[in-house]
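So that the names make sense, note that chain A is the first sequence line, chain B the second, and so on, each numbered from 1. What you see below is based on every heavy atom in this structure, not just the backbone, and it leaves out hydrogens, waters and symmetry mates.
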Amino acid sequence: MTFKEKILRFNWALFLPMVALIAIGTVAIWSSGNAREALFHGMWKNHVSSAVFALVVYFVLAFTDWRSIVRWWAPPAYVISLLMLIAVLFAGSEVYGGKRWLWFFQPSEIGKLCVLVFLAYLIMLWAEMREASSPLALEADDGHSRAPGSFGVFTVAAAAAGIPALLILAEPDLGTTLALVPAVIVMLVAAKIWRKGLFALLAAGAVGASLVLGAVYEAEKPGQSAERREAILKLVPLKPHQVKRVKTFLFQDSDPMGAGYNARQALIAIASGSKHGRGIGKGETNRLKYLPPSVSMNDFIFCVWAEETGFDGCLALIALFAVLCSAGAWTAWRAKELEGRALALGITTLVFAHAYINIAMSVGMLPITGLPLPFISSGRTFLVTAVSGLGIVQSISIHNQETA
Amino acid sequence: MSDDERLAGAGGRTGDFTCLVVAVLILAGFAALAVRLKEIQLDSSATITLDGARQSVRRVRIPGERGRIVARDGTVLAMNRPTRRILLNPAAFQKQTWGATATNILEAVGAVAKYVGRPSPLDFDDVARHMRLKLARPIVAWSDVSDEELARFSEASDELTGFFCDEAWHRMYPAGPLAAHVLGYVGREATAGDAGDSKYNFTDFDMRGRSGLEDRYDSFLKGVSGEKKITVDARGFARKEWVVSEPLKGPDLVVTLDMAMQREAERQLEGVKGACVALDPRNGDILAMASSPGYDPNDFVPAIPRKLYDRLSHDPGKPLLNRAALGSYAPGSTFKPITALAGLSCGISPRATHLCTGAYTIGEMRIRCSRTWGHGDLDLAHALKESCNPYFCDMGVKAGTNVLMRTAKIFGLGSKTGIDYSAEAAGVVPDDEWKRAHWGERWYPGDLPQMSIGQGMLLVSPLQMARVAGALGTGRLVRPHFKAGEDTHAEALPFPKWQLDAVRAGMRMVVDGGTGRRGGENLSVKVAGKTGTAEVGRGATRRKNTWFIAYAPAENPTVAIALIVENGESGGGTAAPRVREILKARFGENEVAASSVLRVGELGWLGYMCSQMLAISQNSQLSQFSQLSQLSQLSQPRQ
């Protein structure tokens with residue numbers, strides 16, 4: 001495929017919404033930064049410069065055949081990210097009670113993408129093994145390289161995804177791990193790896209989550225005795241601060257000045273945007289710092305945008321994400337190879353999971369979890385990671401016809 | 001492994017159920033978010049936004065300019081003096097911690113002090129307290145900024161971010177101590193919500209009446225407050241403010257004081273402890289109210305220094321006490337007209353005489369008369385004129401306790417006058433019950449004659465006695481008031497005219513050659529009055545409080561006055577001449593007498609003695625004029 005052909009095959013639906021979202025992010029960060037000390041007034045420039053760098057990476061990845069990326073880049077990238085994830089636990093700098101930073105970036109963000117690409121690599125290997133052990137190939141082969149079973153692949157994949165996930169969880173960064181899980185599951189399902197078991201696991205997970213929610217509700221509901229509360233919480237596999245978050249999610253007015261403060265201010269900011277918003281740079285909740293400045297640029301950036309542009313702006317933002325994710329799913333649909341389909345779907349799910357969890361917690365549909373909003377939240381590592389991820393999806397879209 | 005899977009794995013087929021499911025789930029997720037956003041941003045936006053406004057909007061009361069207090073003749077007694085202040089906005093000096101912010105503010109103030117030219121009185125505690133209580137409001141760094149200081153500040157103000165200048169009002173009493181007790185004083189309004197203003201979070205600098213008319217008419221003078229709203233950020237610093245409603249200036253309070261009389265009353269009380277009240281007995285207008293010693297209410301603005309306040313409040317002369325309304329004194333002989341009316345209403349004839357032998361004896365008690373050898377036979381008018389004790393002891397005893405006390409109460413003694421002033425004393429009209437409750441003793445027979453001559457447990461205020469004087473003159477007891485244009489409240493006395501006339505005749509004679517003759521000398525109007533010399537304390541602390549009550553003109557009174565001097569000599573010698581001067585300020589002197597005749601006061605003590613003897617020998621039948629012309633003839637050779 002010539003370069004000109006590649007350009008002609010370029011999927012704009014996978015690109016333009018992303019650029020628009022980055023623009024939205026720049027505006028929101030500008031507004032949020034202006035509410036803070038002078039040091040933060042130029043944060044939007046960082047976002048733009050990171051975006052420029054990320055777009056360069058995007059185009060490099062988009063015009064490189066994804067097959068070679070998966071085949072040649074995935075294993076070293078995975079190993080390096082594993083090493084970084086280990087390193088950050090020892091040498092990372094601590095911010096807000098978690099060791100997430102190594103030098104100038106967050107390994108966990110890069111790690112997520114590396115895990116997905118590495119899973120694609122495993123799926124590719126498995127497909128090739130089955131190819132080799134297929135009845136057509138039997139004659140050429142004596143059967144030594146018989147492909148492993150579906151459950152075997154699942155174990156390997158689960159380990160491959162599980163190890164970095166556990167490392168990220170150890171930082172601790174629950175949100176990032178949470179966003180990774182659906183992406184991994186979707187990839188395994190798309191690759192038809194141990195589907196029955198996966199569905200059973202999913203069901204078990206859903207039941208488990210409801211049990212935890214129910215238990216916290218039972219323990220924290222008003223009028224509950226202290227002893228019973230202790231007894232119930234002992235059975236819940238959550239840390240005290242997580243219990244508090246779940247509690248403020250379940251009982252939204254329980255502690256407006258304490259644990260529920262952020263959630264309440266987020267709700268006020270979004271609601272005061274009303275239909276058309278207060279105008280760019282005029283969000284009072286943000287400007288008067290009721291929305292805590294420490295998170296308004298990252299986890300709660302959606303509130304800044306919602307307050308200043310209102311329902312109109314929010315719908316536009318969600319529509320952009322929806323177009324982007326649909327384009328990702330469409331790319332997966334068209335993908336010829338199983339690993340390409342799985343990877344496109346996985347990355348799409350990763351972006352969706354971030355966007356959904358972030359916005360859902362801002363509007364009070366989920367407990368507060370620290371998770372950035374892709375393309376919009378300030379944070380170079382994640383911006384570059386998310387854009388790179390879409391670059392790979394673009395590559396899958398462009399290089400759909402050419403077989404390896 | 002089925003063919004199906006193998007083919008898919010080999011990329012033989014596009015499309016997949018998984019992709020569809022994932023796409024549907026993703027879109028459903030976003031749709032759910034959109035629905036939730038519609039709920040928050042469109043359906044319940046108003047209520048949640050209001051919740052947000054509640055946490056960020058503060059209400060500030062802007063006090064209206066306080067109304068002035070002016071006398072009816074236009075003399076300004078209390079007004080507002082504009083004062084310039086230099087303030088700073090704490091939000092401009094924010095630092096990471098509260099302590100650092102306060103230090104930063106103080107450093108900035110120190111830097112600005114170089115331009116202003118004097119150090120600010122602010123210290124760390126002041127700033128810290130302000131930040132704790134009124135963080136959203138500016139801090140006053142300098143008040144009473146002079147023109148030069150302001151000029152220097154303005155020149156540099158471009159560099160001085162966070163500082164600004166404004167104008168505030170300070171209360172000022174242009175006449176200083178004049179009528180200080182009447183006006184009272186103002187103090188700083190403590191905090192917002194102090195006066196039940198829970199509607200506001202903050203109040204800008206405001207003064208509040210703390211005593212006197214400033215207190216009584218506080219809400220009248222205050223006007224209508226305006227309102228400002230400010231938005232504060234999460235830490236409490238002000239970010240934006242806008243005026244919701246402008247304040248309205250309070251109306252001026254016009255008081256009924258006659259400034260000439262007021263000035264004269266204060267001059268007459270200079271150097272002594274005492275009080276004076278003059279009122280118009282026709283309608284209750286207070287014409288003068290003075291109490292001595294006094295103070296300068298300007299010292300209380302904007303806040304009185306602790307030391308000065310301690311000195312004033314611990315001064316044995318009690319300069320802060322308004323003796324005119326709050327003093328309680330034995331009325332002494334000024335009570336005798338009331339005893340007279342009690343007796344007359346019991347059927348005693350004003351022409352009936354009583355033989356004064358120089359003392360009145362009841363049981364073992366002897367009440368002496370002012371003239372040791374006795375007045376001889378006296379009727380009512382002459383008994384009043386000479387202020388004969390035995391006559392009135394006898395009259396009181398004949399009338400009885402019940403009638404006497406009821407008569408005293410008819411004149412408003414023992415209860416508040418209802419004056420529009422911050423406080424007043426009710427005084428005491430005792431009876432058996434009262435004595436048992438307060439003294440733990442029963443009512444002895446000797447108490448009644450004591451009461452009849454205004455001694456014993458009776459307590460009255462000068463204000464009450466001025467009212468009594470007026471009531472004697474007009475036959476109507478008025479409710480006194482300061483505010484001009486108030487409706488007249490008056491009660492007619494339940495005595496027939498002939499009884500009142502009998503007492504009036506006696507009171508006229510008091511001034512016309514009697515004990516109070518110095519109270520009406522050379523005045524253009526005739527005065528009727530009654531002297532009083534009340535003895536208080538016993539032994540070493542025994543002293544005399546000297547009274548004079550009067551009304552004038554005698555035929556148709558327009559002024560009623562009561563004056564008391566503590567530790568005086570006698571009512572006629574100490575109080576009456578002072579009243580005469582005050583009445584002179586109102587009515588002027590007798591033109592003939594003033595131009596051609598020397599006054600008694602200028603004759604020296606020898607001349608005074610002569611005049612006394614003359615007055616006694618002539619039995620006061622001569623007119624004032626002839627009396628004085630004789631006196632002047634007598635004194636001519638000496639000059």
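Here the straight-line distance linking atom CH2 of A:W330 with atom SG of B:C19 works out to 10.0 Å at 0.5 Å rounding. Taking NE2 from A:H276 and CD from B:Q41, the interatomic distance works out to 11.5 Å, rounded to the nearest 0.5 Å. Rounding to the nearest 0.5 angstrom, the gap separating the CD1 atom in B:I40 from the OG atom in A:S362 is 9.0 Å. Remark: B:I26 CD1 to A:L345 CG distance equals 7.0 Å, nearest 0.5 Å. Here the CG atom belonging to B:L50 is positioned 10.0 Å from the CD1 atom belonging to A:I268, to the nearest 0.5 angstrom. Separation of atoms CD (B:E39) and CE (A:M365) is listed at 9.0 Å; rounding is to 0.5 Å.
Residues B:A34 and A:I318 come closest through the heavy atom pair N-CD1, 4.2 Å. Residues A:Y290 and B:V232 approach most closely at OH-O, 2.7 Å, considering heavy atoms.
For A:L315, the part lying under 4.5 angstrom from a heavy atom of chain B is the side chain only. Residue B:A46 does not touch chain A at all, counting heavy-atom pairs closer than 4.5 Å. Heavy atoms closer than 4.5 Å to chain B are found in both the backbone and the side chain of A:S274. The contact between A:I359 and chain B is made by backbone and side chain atoms together, counting heavy-atom distances below 4.5 Å. Within the 4.5 angstrom heavy-atom criterion, atoms from both the backbone and the side chain of A:A306 approach chain B.
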Chi angles and distances behind the side-chain hydrogen bond (donor to acceptor under 3.5 Å, both in side chains) call for B:S56, A:R287
CA-CA 11 Å; B:S56 62; A:R287 271 164 29 88; over 6 Å; no
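In summary, B:K240 and A:E284 engage in a salt bridge, as defined by a charged side-chain N under 4.0 Å from a carboxylate O.
Listed options A:G328, A:P292, A:S150, A:S272 were ranked by heavy-atom pairs under 4.5 angstrom with chain B; first place goes to A:S272.
Below 30°, between 30° and 60°, or above 60°: for A:F321 and B:F30 the angle between ring planes is below 30°, a parallel geometry.
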